[in-house]
Structure formats: C-alpha cells, structure tokens
Engineer: 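Attaching a single structure in structure tokens format; questions to follow.
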Protein chains: 2
Amino acid sequence: MSTIKRKKASRKSLILQKAAAMFREKGYAATSMRDLADTVGIEAASLYNHIKSKAEMLQEIIFRIANDAYVQLDDLEDEGLSPLQKIESIMRFHIKMNVERFEEYHVMVTEWIHLEDPYLANFTSQRRNYVQKLEAIIQQGIDNKEMQPVLPYVAVLNILSSIRGIEFWHRSRKTYSAEQIEENMVSHLLNGLKK
Amino acid sequence: MSTIKRKKASRKSLILQKAAAMFREKGYAATSMRDLADTVGIEAASLYNHIKSKAEMLQEIIFRIANDAYVQLDDLEDEGLSPLQKIESIMRFHIKMNVERFEEYHVMVTEWIHLEDPYLANFTSQRRNYVQKLEAIIQQGIDNKEMQPVLPYVAVLNILSSIRGIEFWHRSRKTYSAEQIEENMVSHLLNGLKK
DNA sequence: CCTACCGATCGGTAGG
DNA sequence: CCTACCGATCGGTAGG
C-alpha cells in the first residue's frame, strides 16, 4: 500500500510538472486538459484521478513556490546581516529560484491573474506583505547610510522585475551562463543602491 | 462618405481600445469575443464588421506600440547624445509610454506569445534587434568610460524588465505619482551603470 | 486508467 | 448591426 501511495504521489507531481511547463509556454487559459493529458501520456479523463480540477493545479504550482520564497525571507531575519547584505541574499535566492525552477517561477509571476477567490485574494495580499518587508529592509539601509535615498517602493519593483526578466534568458540561446547573469544583475542593481 | 469612413475608423479604434483593456485584465486567451462585444455594446457577430478576427486585433495592438518604440529609437540616433544620455532618454520614453498607454504596453510585453506566425517570428526578431541596439549603446558607454563594465545584455534586461514592472504600480492604489516612479527608477538604474 | 458522453462556450459565418 | 446558427473544443462526470 505504501508503494501504491508513493506511485500515486509521483504521478501527481509529474502531472504538475508538465502542467507548469505548459502553463508557462502557452499560458494557463490556452492550455487544455487534453493537451496536458497527451503530454503525460494518458486520456484527459484520467487526469482527474490525480487532481481535482485545472484551477487546483494552478493553485498548487503557484503557492508551493510562493511559500518557499516566503519561508526564506523569514529565515533571513535571524541571521544578523546588514540591510544591504539582506537584499543581496534575497536577490541571489530569487535568481537561483528563477534559474532552477523557471517554469514554476514564471507561472507564479504571470499566471496568478487566473487564480480565483479566495486564492486570488490570498496571493495578492501575501505578495503585498512580502514586498512591504523588502521595502522595510531598504528603508533600514537608507537610515543606515548604507544606501542612497531611493524610494524603497521603486527599488523593490526594479529588483523583482529584473529577476522576473530572466525569463528572456531562458527563452534565448543562452550565450551567457547563469553565473554571469547572477553576478551582473546583482552588481548593476546593488551599485545603484549603494552609497 | 468621409463622415461614414471616420465613424467606422473610430468604431474600430474603440473596439481595439476595449480589447487591449480586456486582454490586459484577463489575458488574450481568456477574453471571449462575446465579453468584448458586451463591453462595446453590440452583438458578438457585429464585431466582425470592424475587425477580421481575434488574432488580428492582437496583432494591431502589439505592432502599433512596438513600432512607436522602434521609430523613437531610430530618431534618437541623430541627436548627438552621449551613450548615457541616450539610455536615459530611452528609459524615460518607455516609462512614459507605459504610464500613458499601459494597456497596450502590457499586452505587448505579456500577450505576444499568442501571436501566430509569421507575426510571432516578426515580433521576436524585431525585439531581438531592438535589444541589440540598446546593448550596443551600453557597450559604447563602457568603451567611453561613462559606464561601469556591466554585461550589456544584463543591463538591458534590467532596464526593460523594470519598466515592464510599472504594471504593478498601475494595479496598486498609486501612493506615488508617475513622476516619482520615473525619477526614482531612472536614478536607481542609471546610478548602477555610472562610473 | 479508459470509453463514452454531458452541457457550455468558443471563434466565426450566412444572410438580411 | 442583428438573428440564427455552425462545427469545434472546452472542463469535467458516470460508470466500469
């Protein structure tokens, strides 16, 4: 029985992984359950033995990665870093997330509009909360004289948006390595903040 | 007859404007012609007296604004600015575009995946070309000693991605003015480039 | 996990 | 610009 359970669980995660890839490639609304079933190698009706609905798959993909980001930020609070070091650490964490789990990451940042309430409301309030924590760190860096007096709202917008832009690198022929992207992105955005 | 023609043209541009608003809000694939017709105030079938297809509307929205950006970049070449001044000018132009025509701008940067060939191929090659021109300007700024030696590919990615992120400001309660967004965005991203 | 099927909705057309 | 309608496809269920 534990074997069956394990088999079922891995089947579900295969489906979610393929779903994330398709949602990223074609968008949530333009992905049909039949397309997904073909990719997985079963009939459309059979998907429903593993997942409850198309909407539920989107929720699971988005909240799994969103929660990982959230947890990392909480863990960071205890580490006694300066505001500038914290921002650098968060940037590198997000860049690595986007490089390694780019399908989920991309679905989170672009397909969240297709969530339905209460998931939609949860997601947007969770994100607002997250952004406000980052803004507070930057404000501390300014008070600290570690950073220039740039509007924290805009600095956070620039940082998160730039990382989101790594999507283009994924779609390209990847002339540059993930390390080059990370180092240059961190240095451009951090130089713009430093005093 | 010229009155009729004008009336028809304005009807079409009303439809395109409403379409851009809906494509942005719900995504291209999730917007139905019936939804759009309701918003315009006519029957779905009547839309086809003004436009050829749903796909054609997407093409017109995207290429109109993409071409405007393209033309502006060409005009800039003649103005005898330094590389750093050019980048600042391009940034401010894009920020203003995103602030004033945010529905079209957002459709261009997020819904282009739903273009079909040959429009899809045209769009991506036009964009690659555009990005390469920006990269060349930044490379000149580095050779110039006006800018730090950051990878031009990444600098352009950060700049265009950050501007795209203004979408979040549009969705927010807009605690900050468009001018504040522009000035802070320019200063953060340009400071990170300057020597 | 499959066959067989449902009602709803899609983009679009014919004809006026 | 409308009524009436088309074939295709959608997400999902029943029953095995």
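What you see below is based on every heavy atom in this structure, not just the backbone, and it leaves out hydrogens, waters and symmetry mates. Throughout, a chain's letter reflects where its sequence line sits, starting with A, and its residues are numbered from 1. Every value quoted in this text rests on a predicted model; they were computed, and no experiment measured them.
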Engineer: Tell me, which of residues 29-41 of chain A have any heavy atom that sits under 4.0 Å from an atom in DNA chain C?
Structural biologist: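 Nothing qualifies; none.
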Engineer: Is it the case that Tyr153(B) and Asn184(A) place a side-chain donor and acceptor less than 3.5 Å from each other?
Structural biologist: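 No donor-acceptor contact under 3.5 Å links the two side chains.
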Engineer: Using five pairs at either end of the helix from dC1(C)-dG16(D) to dG16(C)-dC1(D), determine the angle between the two local helix axes and round it to 10 degrees.
Structural biologist: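 Computed from the C1' atoms at both ends, the axes differ by 0°.
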Engineer: Once rounded to the nearest 0.5 Å, what's the spacing between atom OG1 of Thr124(A) and atom CH2 of Trp112(A)?
Structural biologist: 7.0 Å
Engineer: What's the separation between atom CE in Met91(B) and atom CD1 in Ile163(B), rounded to the nearest 0.5 Å?
Structural biologist: 4.5 Å
Engineer: Tell me if a side-chain donor or acceptor on His170(B) pairs with a main-chain N or O of Asn98(B) at a distance below 3.5 Å.
Structural biologist: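 Such a contact is found between His170(B) side chain and Asn98(B) backbone.
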Engineer: Take atom NZ in Lys86(A); do more than 12 heavy atoms of anything else shown fall under 6.0 Å from it?
Structural biologist: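 Check passes, neighbour count above 12.
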Engineer: Is it the case that more than 12 heavy atoms not belonging to Lys18(A) sit under 6.0 Å from its NZ atom?
Structural biologist: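 No, NZ of Lys18(A) has 12 or fewer neighbouring heavy atoms, counting only those of other groups under 6.0 Å.
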Engineer: Does atom NZ of Lys145(B) have more than 12 heavy-atom neighbours from other groups under 6.0 Å away?
Structural biologist: no
Engineer: So for atom CD, which belongs to Gln72(A), do other residues, nucleotides or ligands contribute more than 12 heavy atoms lying within a distance under 6.0 Å?
Structural biologist: yes
Engineer: Minimum heavy-atom separation for Ala30(B) to Asp35(B), with atom names?
Structural biologist: O-OD2, 4.3 Å
Engineer: Just the endpoints, please: which first and last nucleotides of DNA chain D, 5' to 3', lie under 4.0 Å from a heavy atom of chain B?
Structural biologist: dC1(D) to dA4(D)
Engineer: Below 4.0 angstrom, N of the basic side chain to O of the carboxylate: do Arg171(B) and Glu25(B) qualify?
Structural biologist: no
